[in-house]
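Since the model is a prediction, treat every value here as computed from it, not as a measurement. Both ligands and their constituent atoms are indexed starting at 1 by order of listing.
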Amino acid sequence: MNVVMIGAGYVGLTTGACLAELGHDVCCVDVDDQKIMNIDRGRLPIYEPGLAELIAANRGRGRLNFSCDLPSAVSVADIVFIAVGTPSRPDGDIDLSHVETAARDIAPHLRPDTLIVIKSTVVAGTARRVRQLIAQQRQNRPVAVASNPEFLREGSAIADFMNADRIVAGSDEEEAGAKLAALYRPLVERGIPYVRTGTINAELIKYAANAFLALKIGFINDVADLCEGAEGDVAAVAEGIGLDRRIGSAFLSPGPGFGGSCFPKDTRAFAATGRRSGAQQTLIETLIRKNDERKRLLAQRILQQLGSPRSGKRAAILGTAFKANTDDMREAAALTIVPLLQKAGVEIAAHDPRARATASVHLTDVHWCDSPYTAAKDADLIVILTEWPEYRHLDLGRIARAMRGRRIIDYRNILEPKKVVQHGLEYSSLGRPKLTPSRLQKTAAQAESGSRWTDIAASPL
Ligand code: UGA
């Protein structure tokens, strides 16, 4: 099929490349000619593992191209996807102006049988509204508008597309539904569940899915706090509850509060939809408030551990991106935590394998380092904010020698407490028992004398 993707951002580029991989002819169109020129030269506006290779391969096969010429691309399309941004408005609702502009721009060039598919995350009723808008532009010659939300995680977007848990296809007309089903046939034939429903349900599914996942994270963060108070271990609790298939083990890792371009924005939009529809989403409203608070509280904990006076103290931040395998800084915990530390007089050295350039735009007066070891040099304390795989295998001896202080705060629980403490460092993480060198010694002595407390991580220290 001939597919046009309006918007060559994160979702548009990934979806476009994946549809080309399925065998469709795809043209990604964007108003930003500089962006299109860069992509054409192989310089992608985002970092996503495997995407550059997928784009190059499909361009080579002649199935994927990039253009700023919207009229020419749209006039030969069977399906036009709208994959433009839907930023948050100050009241939490989303700004649909880019979607509406895209709809107006494509309207005059559509064939009567072209299907419009909204890929952007939009509030319930948007597909119907876009259908009306296009009909007005085309002197009441309507076209079908479907809703096909994406469930792509940054960092694993290609795998999420190719091995999706499900495809959600919302359409209010029989023919539109059939066309969308034909587009995804290669995936459905591989056994991927296909949920065919109306446009409003599809729009609601997207928000409800993200709100539910965000709730899981908020819940496990609360459980982590509880474990700290009750001397429990959140990893054990998460494993114990996650094995219940009704709960599931995914999204039960505590952290410094969820961030990124989706969960914060989508939970706000979900809550705003609730207020607008007279069905207030109090669970989600509380979640949003607690998630914001968590970032500030975790900054306070760092300050407490630094002690007074703070001025002249140095903290090394390992990881600034909102999660690993991305350079995306949107709503990253670092954006709240770093300025709060700086405000208290703390000097910041930082390292991130990918997000230095994107983070530098927002974080000022930061001493950027090329490795975690240079960031650790003379640091009074180290804070891990992003779960980059390379931080799991830090040479802790090297870190201990480079530091001025002794403390590592791990807000992603990626280090092995025992190993950190064995290097003479003090370690705190989320929802796990605190382990200090003297406690480690005590535990080792107990183990030697035949005490039953041999598993340090699980012992009530
Ligand atoms: C999320 C969803 O997972 C995708 O399914 C969805 O398509 C996407 O939003 C979207 O709406 O476009 P993404 O924002 O890329 O994907 O990132 P996630 O992997 O979901 O992580 C979101 C945040 O939650 C991150 O800050 C991450 O660190 C945090 N998180 C995630 C935790 O703190 N704990 C976890 O167990 C999982």
Show, in sequence, the C-alpha distance, side-chain angles and deciding distance for Tyr373 and Asp395, and conclude whether the side-chain hydrogen bond (donor to acceptor under 3.5 Å, both in side chains) test is met.
CA-CA 9 Å; Tyr373 305 102; Asp395 177 343; 5.4 Å; no
For Asp328 and Tyr10: C-alpha separation, side-chain torsions, deciding distance, then whether side-chain hydrogen bond (donor to acceptor under 3.5 Å, both in side chains) applies.
CA-CA 10 Å; Asp328 199 335; Tyr10 176 76; over 6 Å; no
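Taking the six-membered ring for Trp and thresholds of 30 and 60 degrees, Phe263 and Phe258 have ring planes more than 60 degrees apart, a perpendicular arrangement.
Residue-environment remark: CD (Glu239) stays at or below the threshold of 12 foreign heavy atoms within 6.0 Å. In Arg89, the CZ atom is crowded: over 12 heavy atoms of neighbouring residues, nucleotides or ligands sit closer than 6.0 Å. For Phe219, the CZ atom sits in a loose shell: 12 or fewer heavy atoms of surrounding residues, nucleotides or ligands are nearer than 6.0 Å.
Pocket lining of ligand 1, defined as residues with a non-hydrogen atom under 4.0 Å away: Glu150, Phe151, Leu152, Arg153, Glu154, Lys206, Asn210, Ile217, Phe251, Leu252, Ser253, Phe258, Gly259, Cys262, Phe263, Asp266, Phe322, Lys323, Arg412.
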